[in-house]
Amino acid sequence: MNNFTINSTAELIDALRSRGDHRVRLCGGGSRHHAQTARPFDSVVIALAGMNRIQRLEPDDLTCSVEPGVPCAVLHEELAAKGLELGIDADGTIGGFLAADPVTAATTGAASARSALLGAEAVLGEGKAFKAGSRVVKSVAGFDVHKLLIGSRGLLFAATLLHLKLRPRPPAAIDFCTDVMEQEAASRRFIALRSLAPAPVRLSLLFDPSGCRITGRFAGRANWVATALRSNGVREAKLAAATPFDEHSGNERLAGLVPPTQVRHLLRALPVGAFARIHGNGRCEIDLPAKATDALLRAMPELFVVAAIIGGTAVRRGQGTPLDAGAVRLDQGLKQALDPQGVFV
Amino acid sequence: MDAVLKSLIAIVGKHRAIVARDALLAWECDGFTVHKQLPLAVVAPETTEEVAALVRILHAGKVPFVPRGAGTCLSGGPTPMAPSVVIELARMNRVLQVAADDLYAVVQPGVVNLDLTTAVAHLGLHYAPDPSSQSVCTIGGNLAENSGGPHCFKYGMTNDHVLSAVVVLPDGSIAKLGSEAGPRAPHGFDLPAIFCGSEGTFGIATEITVRLCRDAEAVHTLLASFGDMPSACRAVSQIVGAGMVPAAIEILDQATIRAVEASIYRAGYPEDAAAVLLVELDGPVAVLEEETAEVRNFFAQNGALRIEAATSPTERKKLWRGRKGAFGAMGRLNTDLYVLDGVVPRTKLVEALNGIYAIGKKYAVVLTNVFHAGDGNLHPNISYDGRNVEEVARVLAAGREILQLCIDLGGSISGEHGIGTEKLEHMPMMYTEADLEVMARVRSVFNKDNLCNPDKVLPSRHGCAEVAKWPAMIARVLDGEGQS
Ligand SMILES: Cc1cc2nc3c(=O)[nH]c(=O)nc-3n(C[C@H](O)[C@H](O)[C@H](O)COP(=O)(O)OP(=O)(O)OC[C@H]3O[C@@H](n4cnc5c(N)ncnc54)[C@H](O)[C@@H]3O)c2cc1C
Ligand SMILES: Cc1cc2nc3c(=O)[nH]c(=O)nc-3n(C[C@H](O)[C@H](O)[C@H](O)COP(=O)(O)OP(=O)(O)OC[C@H]3O[C@@H](n4cnc5c(N)ncnc54)[C@H](O)[C@@H]3O)c2cc1C
């Protein structure tokens, strides 16, 4: 069975209807398939990168409608040319980004995949097309089925059109960092910077064996950005690019959620050789030697940390701290209701 | 039923159960007074465990039930359409935890929106979503409706502020959706996002964790009056087009201004103005000075008749007084008020308003407009006498046509008030059968037996008689092509 490359919703429906007994792995840019669970051998890949049109861009309404295969880099460029932005460090294709909902360096209150997605058109595994939400900035008509796309990892439905909320691009932005600090001081500083009004639009505490640093970005009017930099005792510096995960290092990568006041406890609990990036929106990524992961995952609930393995061997991906039993039942129920034949894997 | 009631009363005690017909009248409807029905009983739990015990009994007895906060909903959400027991959550009104450094609070669902902000004000924090009903409505109701408010233009709707919720599901089991650190675990779906806006049909939230926001250094409020509505709307477009994100952008039309000025909410708005535009900016002082000057400039460029500015809390309250009291002021115009809630792309505001005025004329209804201009979220308000059945039918027909107009302009039938029973008939105007069927599948995951707030949000063939009688009457009005 061949894999499918799709250019339209009609083609997607055809492909889903003609897949026979094969299950389907959806693929956007396919940039980071290391983060997914292993693909069953009997599955086919449906690649949506060909659905790559920006269908509508309304700068005055601060909305746009884009097909899922639009590369985020292309969208960023189009928006920047019109003085707009998504306000999220999206990578890959926009559909893949929303469905993966990867950890980004955003801070609390900043735009997120969830706040950016206003509505969507999509197709269920059985080939049924539907829509939810709307293309205007505000709508509460009906249940927000489209929001289930966020972090759904291609398991519930295939998005075919995304209505997104845009923001005016701030006139000025400066990236900053602090000196290297010890853990306690860094944790305190992190909480203080996160609590500013307005808060930095990006904020990360970076931990490596040499110590901790905080990086971030102030954005807004030029005079304020300069003042914010001065009055918070940080210096201008380029934001460090996210370290790519090295599949062959013997390490694993965890993605998770940590309340800011627990950051110091989490840092203390990290094993030797671990690297961590903890962001202002409570999300974090930790790279650590695989043999230390299980112990850390076991310790995490005590620290109010929720995490799962997103990098490492295929069999280990998706394992994580225990989730609430009721929530797990609802997750399973949603999968069963929206994809009763288990088409998407 | 008697046995079920006895078991319910055994859980909460007699003093927290209401069964007397007269007393039940207070629960027969919400702010949408067209649909009314007495509940079978009202019970008022105080803990998650009590809610779960009540729901287990109701589920076992196959008795429908309806969660209720303050009953300020404007779409019939908490109205017990099927013979139901109302689970009144007003007594669950404790702020359980304030985590100031983590910027969140855990509250029971009956906490009044404004009370949360008051409770954290000394910490320099507030809860951002601020429905105009915030002095009464509850966080549980806000979560269920995904409520907005004037300041949601900048800060987002309730959904953007909910981190987690403990929920009693309609079978009486308990689930925790999300966590204090964030709504979605990396190995789970975004359950808080789908629960938010489910209008009491997915279960009962009994503990809600919401984000708190740090207060801005300063707040400036500007009010400008204009001789015509397009000028006010143009000023809004210029402000947003210049890259500013004001905390709030609100417009009142002339009919609203006059109603406000004739009421106890009198705010000194010029009665000869066709529109009053309120713009609130918040942020660092230095930024506000620049932005205020720019906004004034846009006002002037669009021929503002009068501009007022306020920086102190007392002055700002005065400028907001008329806007906040607008719905209350309508009470003077007639016995009932139908508050519509359509949304259009902001660039279509003028076109939408012209259409709305024409529809009002066509159906000879008394129509006023107050709206969240930044979001294109219109609130055409129709004042009417609910005892006059013919007038009610005309009002509903006008409402239906206004919502169709919003859809035709690329918008939505509800920006923040929800579907409830009011817009059940309008859902197929916006969504196909397939869209609605997918929504029904999601509801069935939470509410398999459809006992939790039945006959809401999704139209069904077996809807209740009270709701079903209206479409026929509206059809008669539409056949007669309105009046005048
Ligand atoms: C589960 C998961 C978690 C990840 N977390 C992180 C992280 O924390 N940090 C990080 O740096 N990177 C992470 N990544 C990498 C992530 O893939 C990239 O960050 C990028 O945004 C994905 O874009 P892409 O176009 O390459 O998508 P792909 O890698 O092709 O797909 C990403 C996911 O989205 C699904 N998908 C793609 N298109 C659609 C669609 N139209 N409708 C529905 N589902 C679709 C796919 O099945 C897949 O599960 C994660 C990836 C996955 C799969
Ligand atoms: C004057 C006035 C101004 C208003 N302004 C605005 C505004 O600016 N923006 C806006 O969005 N709305 C506004 N509203 C509408 C209304 O106030 C909101 O919808 C509000 O969120 C309802 O809260 P409540 O506590 O009154 O809930 P209720 O009216 O009691 O219930 C609303 C819905 O929520 C469900 N529910 C209640 N509690 C729970 C719970 N704990 N768990 C699950 N479901 C629950 C009910 O079943 C019902 O379906 C206004 C209303 C009035 C009367």
Side-chain angles (χ1 to χ4, degrees), chain A residues 58 60-61 83 101 108-109 114-115 128-132 134-145 147-148 150-152 168-169 171 191 195-198 220-221 223-224 227 255-261 282-283 304 306-308 310 318 320 323-324 326-327 330-331 333-334 337-338, chain B residues 101-103 146 148 156 160 173-177 179-182 184-191 193-194 197-198 211 213-217 237 241 243 245 283-284 286-287 290 343 345-347 375-377 410-416 418-419 427 430-431 434-435 438-439 441-442 444-445:
Chain A
E58 312 273 2
D60 291 340
D61 290 328
D101 189 23
T108 178
R114 190 192 209 207
S115 66
K128 179 178 193 153
F130 73 96
K131 66 173 179 306
S134 142
R135 55 181 232 198
V136 278
V137 291
K138 205 174 174 191
S139 175
V140 296
F143 305 130
D144 284 349
V145 183
K147 297 264 187 206
L148 285 173
I150 309 302
S152 63
R169 210 178 164 72
I191 289 173
S195 298
L196 291 174
R221 299 228 160 199
N223 60 353
W224 175 75
T227 313
L257 297 165
V258 52
T261 51
R283 300 179 76 178
F304 303 96
V306 180
I310 62 157
L323 296 173
D324 174 79
L330 291 171
D331 277 353
L334 286 167
L338 294 176
Chain B
D101 282 343
D102 285 326
L103 296 178
N146 189 13
D160 297 317
S173 62
I174 298 172
K176 181 164 182 187
L177 322 180
S179 80
E180 281 66 21
R184 191 184 69 77
H187 43 330
F189 298 134
D190 195 340
L191 297 173
I194 189 72
S198 58
R211 288 204 300 115
C213 295
R214 181 74 45 202
D215 294 345
E217 191 187 331
S237 286
V245 187
V287 173
E290 279 181 23
V343 186
R346 194 172 37 72
T347 46
D375 298 319
N377 187 184
S412 167
I413 55 176
S414 183
E416 52 185 23
I419 302 303
M427 284 291 273
M430 187 160 162
Y431 294 113
D435 305 337
V438 171
M439 288 184 198
R441 286 193 203 188
V442 172
S444 73
V445 172

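So that the names make sense, note that chain A is the first sequence line, chain B the second, and so on, each numbered from 1.
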Side chains of B/Val438 and A/Lys131, heavy atoms from C-beta outward: is any pair under 4.5 Å? no

Spacing of A/Phe143 atom CZ and B/Ile419 atom CD1 [to the nearest 0.5 Å]: 9.5 Å

Would you say the side chain of A/Lys147 lies within less than 4.5 Å of the side chain of B/Asp190, judging by non-hydrogen atoms? no

Given a strict heavy-atom distance threshold of 4.5 Å, which part of A/Asp144 is in contact with chain B: side chain, backbone, both, or neither? both

Taking A/Phe130's backbone N and O only, do any of them form a donor-acceptor pair with B/Asp435's side chain (distance below 3.5 Å, no angle check)? no

Part of A/Leu334 lying under 4.5 Å from any heavy atom of chain B: both

Heavy-atom cut-off 4.5 Å, strictly under: side chain, backbone, both or neither for A/Val137 against chain B? side chain

Applying a strict 4.5 Å limit to non-hydrogen atoms, the region of B/Ser237 in contact with chain A is neither

Rounded to the nearest 0.5 Å, how far does CG of B/Leu177 lie from CG of A/Leu323? 11.5 Å

What part of B/Asp375 gets closer than 4.5 Å to chain A, counting heavy atoms only: side chain, backbone, both or neither? both

Residue B/Arg211 versus chain A: region with a heavy atom under 4.5 Å: side chain

Considering all heavy atoms of both residues, which atom of A/Asp61 and which atom of B/Arg346 are nearest to each other, and what is their separation? OD1-N, 3.1 Å

Side chain, backbone, both or neither: which part of B/Thr347 has a heavy atom under 4.5 Å from chain A? both

Any donor-acceptor pair under 3.5 Å linking the side chain of B/Asp102 with the backbone of A/Thr261? yes

A/Asp324 versus chain B, heavy atoms under 4.5 Å apart: side chain, backbone, both or neither? side chain

Given B/His187 and A/Val306, is the side chain to side chain contact (heavy atoms under 4.5 Å, CB included) satisfied, shown in steps? CA-CA 9 Å; B/His187 43 330; A/Val306 180; 4.1 Å; yes

In terms of heavy-atom pairs under 4.5 Å with chain B, which of A/Ala327, A/Ala141, A/Ala337 leads? A/Ala141

Looking only at B/Cys213, B/Ser179, B/Ala286, B/Pro284, most heavy-atom pairs under 4.5 Å shared with chain A are made by B/Pro284

Is it the side chain or the backbone of A/Arg283 that comes within 4.5 Å of chain B heavy atoms, both, or neither? side chain

Can you tell me which portion of B/Met439 sits under 4.5 Å from chain A's heavy atoms? Options are side chain, backbone, both or neither. both

I'd like to know which of A/Gly220, A/Gly326, A/Gly151 tops the heavy-atom pair count under 4.5 Å against chain B. A/Gly151

With rounding to the nearest 0.5 Å, note down the distance linking CD1 in A/Ile150 to CZ in B/Arg184. 8.5 Å

Can you tell me which of B/Ala175, B/Gly411, B/Ala185, B/Ala181 forms the most heavy-atom pairs within a distance under 4.5 Å of chain A? B/Ala181

So which residue, B/Gly188, B/Gly156, B/Gly415, B/Ser198, ends up with the most heavy-atom pairs under 4.5 Å with chain A? B/Gly415

Residue, of B/Gly410, B/Gly197, B/Ala216, B/Gly241, that accumulates the most heavy atom pairs under 4.5 Å with chain A: B/Gly410

Can you tell me how far OG of A/Ser195 sits from CG of B/Leu103, rounded to the nearest 0.5 angstrom? 4.5 Å

Could you state the interatomic distance from CG (A/Leu338) to CZ (B/Arg441), rounded to the nearest 0.5 Å? 6.5 Å

To the nearest 0.5 Å, tell me how far A/Ser139 OG sits from B/Ile413 CD1. 7.5 Å

Looking at chain B, which one of A/Gly142, A/Ala132, A/Pro198 has the largest number of heavy-atom pairs inside 4.5 Å, strictly under? A/Gly142

